[in-house]
Asker: 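The following block contains the structure, expressed as structure tokens.
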Amino acid sequence: MINVPKGTKDMLPAESHKWQAVEAAAKKTAALYNVKQIRTPVFESAELFLRSIGDSTDIVNKEMYIFEDKRGRKMALRPEGTAGVVRSVLENNLIECLPQKLFYIEGVYRYEQPQAGRYREHHQFGTEFFGSELPCFEVELLSMAHTFLREIGFSDLCLRINTIGCDKCRAEFNAALREFLRGVGDVICADCKRRAEINPLRTLDCKVPSCREVYKNAPKISDFLCDDCKAHHAAVLAGLDAAGIKYVEDKNLVRGLDYYTRTVFEFCDGNLAVLGGGRYDGLCEQLGGKHTPCVGFGCGIERLIAAAESRGIEFADAKPTVYVAAQCDGARCECANIVAKLREGGISAETDLMGKSLKAQFKYADRQGFMYVLTVGESEMCSGALKLKRMSDGQTFDVGRDTLVADVENAGK
Ligand code: HAM
């Protein structure tokens, strides 16, 4: 037997309605905000991720699935969605008309140590807005994220928000942080020691508990913000207040990707981020395009479903409508005709494909959750008068062969 790769999961039929509900909520919310869908390849040139996510991040350093194609080109499975979307937007000149607002639903690949809520393949509903440096861009994006989470049924996920400033204020902050890190000596992990020199901000994202303890006393970016960044952050928070979106300011929130500027945020379920993102004003230029300010988020669908289930949120599961059971072999052809008629009328229907007995057909219909069973035998074929049985309570309804669709629609009304 060959098994599913470590850190990945099959989406099985019993789970599919949850995924469909999440995707439907994502698409419905995107339509409300006039956000259009984009699909980019599952693999890109590895260089794209090195240049965008940052070569001192864990995602690029330790977690990328990299391979060489037959011509020896270095490719990578996407470890996140933003870089590919930015590449496509620049390549296809989609920034001609701004703002450009895009969403995607796609698989993402990170070679992580699998644990609860952390997989090697996960799926994201992501959104990227291109074009505005105004604080209302963040507010619009967060309003969309908030609407999506409400559509799923959440009312309590905590929005944590911070600003990590612009290049100018971050240069001063990094210098102070580097100084602090030199002072703490050997208590931090080997990764943090390396990060301390090349990209000190990254240390604040370390997951090692002893490091996190040390960083509680580290300098705070809020003390190094320039006036513009301070004003921008205040305006984002005021916009959230006006939109009635609750948040908690978290001055230690930095996130694990290098492209962010100013606003960063996460909607969390306990310690686990379900949806995270921020502003990334420098990325388009970094990837060879013209300066285009952007904001975006990625929502982990596996984590979202787990968080919803732990709160008792239910996902709608549409039941099939009519099972047409054959009482005898002579009725099978008529069953197939009835099924075809129902389907033409937009009613989901099925008949036996296995040569099952009538009893076994009823058992199957019950297991599949059919709302009604319509039994066809010799007498029904002669008279054209059919009986529709409601499975929930056994009540029967008269259905005519020629008025089938309307009669099924009206049954029990
Ligand atoms: P991220 O925080 O790395 O951001 O991932 C977004 C979300 O994906 C997380 O909040 C989490 O729910 C989920 N996630 C991440 N890694 C895993 C994993 N190993 N297993 C299960 N779920 C996971 C990004 O990817 C950015 N591209 C978000 C963004 C878009 N920023 C701007 N635009």
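As the structure lists them, so they are numbered: ligands from 1, and atoms in each ligand from 1.
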Asker: May I ask you to say whether Arg194 pairs ionically with Asp191, meaning some side-chain N is under 4.0 Å from a carboxylate O?
Answerer: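 So Arg194 pairs with Asp191 through a salt bridge.
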Asker: Check this for me: does any side-chain nitrogen of one of Asp186 and Lys193 sit under 4.0 Å from a carboxylate oxygen of the other?
Answerer: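 A salt bridge is present here (some side-chain N lies under 4.0 Å from a carboxylate O).
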Asker: Going by the order shown, which atoms of ligand 1 are within less than 4.0 Å of some heavy atom of Leu275?
Answerer: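 Near Leu275, meaning under 4.0 Å from one of its heavy atoms, ligand 1 has 10 (O).
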Asker: Tell me, which protein residue and heavy-atom name are nearest atom 33 (N) of ligand 1, and how many Å apart are they?
Answerer: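 Among all protein heavy atoms, the one nearest atom 33 (N) of ligand 1 is Glu128 OE1, 2.8 Å.
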Asker: Out of Glu63, Arg279, Arg255, His122, indicate the one that has the non-hydrogen atom closest to atom 24 (C) of ligand 1.
Answerer: Arg255
Asker: Quick one: do Lys168 and Asp228 make a salt bridge, cutoff under 4.0 Å?
Answerer: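 Not counted as a salt bridge, because no side-chain N and carboxylate O are separated by less than 4.0 Å.
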Asker: Show which atoms of ligand 1 fall inside a sub-4.0 Å distance from at least one heavy-atom site of Gly277.
Answerer: 31 (N)
Asker: Could you check whether Glu151 pairs with Lys28 (Lys NZ or Arg NE/NH1/NH2 to Asp/Glu carboxylate O, under 4.0 Å)?
Answerer: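 Yes, Glu151 and Lys28 are salt-bridged.
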Asker: According to ring-ring contact (aromatic ring centres under 6.0 Å, His included), does anything in residues 161-211 pair up with another residue at least two apart or in another chain? List the pairs.
Answerer: Phe173-Phe224
Asker: Starting from atom 7 (C) of ligand 1, find the nearest protein heavy-atom neighbour and note its residue, name and distance.
Answerer: Gly298 O, 3.5 Å
Asker: Using heavy-atom distances only, which candidate in Ala307, Gly300, Gly117, Gly296 approaches atom 21 (C) of ligand 1 most closely?
Answerer: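 Checking each option, the heavy atom nearest atom 21 (C) of ligand 1 is found in Gly117.
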Asker: Please report the closest heavy-atom contact between Lys220 and Tyr215, naming both atoms and the distance.
Answerer: NZ-O, 4.2 Å
Asker: For residues Leu386 and Leu404, report the shortest heavy-atom separation together with the two atoms involved.
Answerer: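 Closest approach of Leu386 to Leu404, heavy atoms only: CD1-CD1, 4.0 Å.
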Asker: Looking only at protein heavy atoms, identify the closest one to atom 31 (N) of ligand 1 and say how far it is in Å.
Answerer: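 Checking every protein heavy atom, the shortest distance to atom 31 (N) of ligand 1 gives Tyr260 OH, 2.6 Å.
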Asker: For atom 19 (N) of ligand 1, find the nearest protein heavy atom and state the residue, atom name and distance (0.1 Å precision).
Answerer: Glu112 OE2, 2.6 Å
Asker: Among all protein heavy atoms, pick the one closest to atom 3 (O) of ligand 1 and tell me residue, atom and distance.
Answerer: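 Scanning the protein heavy atoms, the shortest distance from atom 3 (O) of ligand 1 goes to Arg110 NH2, 2.8 Å.
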Asker: Provide the number and element of each atom of ligand 1 under 4.0 Å from a heavy atom of Val274.
Answerer: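 Selected atoms, number and element: 10 (O), 12 (O).
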Asker: Compare every heavy atom of Val139 with every heavy atom of Val236, then report the nearest pair and how far apart it is.
Answerer: O-CG2, 3.8 Å
Asker: Test of understanding: given a 4.0 Å heavy-atom threshold, classify the contact between Tyr280 and ligand 1 as side chain, backbone, both, or neither.
Answerer: side chain
Asker: Answer side chain, backbone, both or neither: which part of Leu304 comes under 4.0 Å from ligand 1, heavy atoms only.
Answerer: neither
Asker: Got a donor-acceptor contact below 3.5 angstrom from the Arg202 side chain to the Ser56 backbone?
Answerer: no
Asker: Side chain or backbone of Tyr259 under 4.0 Å from ligand 1, or both, or neither, by non-hydrogen atoms?
Answerer: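 Answer for Tyr259: side chain.
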Asker: In terms of atom number and element, which parts of ligand 1 are under 4.0 angstrom from non-hydrogen atoms of Gly276?
Answerer: 10 (O), 28 (C), 29 (C)
Asker: For atom 27 (N) of ligand 1, which protein heavy atom lies nearest, and how many Å away is it?
Answerer: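 For atom 27 (N) of ligand 1, the nearest protein heavy atom comes out as Glu80 OE1, 2.6 Å.
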Asker: Can you tell me the protein heavy atom closest to atom 9 (C) of ligand 1 and the distance?
Answerer: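 Heavy-atom neighbour on the protein nearest atom 9 (C) of ligand 1: Ala273 O, 3.9 Å.
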Asker: To the nearest 0.1 Å, how far is atom 20 (N) of ligand 1 from its closest protein heavy atom, and which atom is that?
Answerer: Tyr119 N, 2.9 Å
Asker: Relative to ligand 1, is Gln124 under 4.0 angstrom through side chain, backbone, both or neither, heavy atoms considered?
Answerer: side chain
Asker: Roughly how far apart are Thr40 OG1 and Tyr104 OH, rounded to 0.5 Å?
Answerer: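 OH of Tyr104 is found 8.5 Å from OG1 of Thr40.
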Asker: Between Glu44 and Lys74, does at least one N-O distance fall below 4.0 Å, as a salt bridge requires?
Answerer: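 Judged by the 4.0 Å cut-off on N to carboxylate O distance, Glu44 and Lys74 do not form a salt bridge.
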